[in-house]
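Below is one structure, written out as structure tokens, with a few remarks after it.
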Amino acid sequence: PVRVGVDAHGAIAARLTQEFVRIRKGAEKDRPGILVALLLRTFKERTIVFFDTKVMAHRMALAFGLAGIKAAELYGNLTQL
């Protein structure tokens, strides 16, 4: 993993660690399994994962649930209660 920090002043929150994980070319089809394995083995606490589409966020939330990982989907057009 590569650590990435983005801020106008070059600083991130004191207790925040940002990680970027690149999936090797040709292994894109294995991305969901790789992500589930990373969350189960490496990133075990309070993790935020970003996806390109709502469809992928929904699919992965289902996959996380099946793997026993608590997950919630957040995207722009969810009902605000």
Sequence neighbours left out, cut at 3.5 Å: what donor-acceptor pairs do the side chains of residues 59-66 make with other protein atoms?
none

Would you list the atom pairs, donor with acceptor, under 3.5 Å between side chains in residues 26-39 and any protein atom, with sequence neighbours excluded?
unit_1 : atom_1 : unit_2 : atom_2 : d
E28    : OE1    : G26    : N      : 2.9

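Counting all heavy atoms, side chain and backbone alike, K54 lies closest to E73 at O-OE1, 4.5 Å.
F50 forms part of a hydrophobic cluster together with I48, judged by ILVMFWY side-chain heavy-atom separations under 4.5 Å. With side-chain heavy atoms closer than 4.5 Å counting as contact, directly or through intermediates, V55 stands alone and belongs to no larger hydrophobic cluster.
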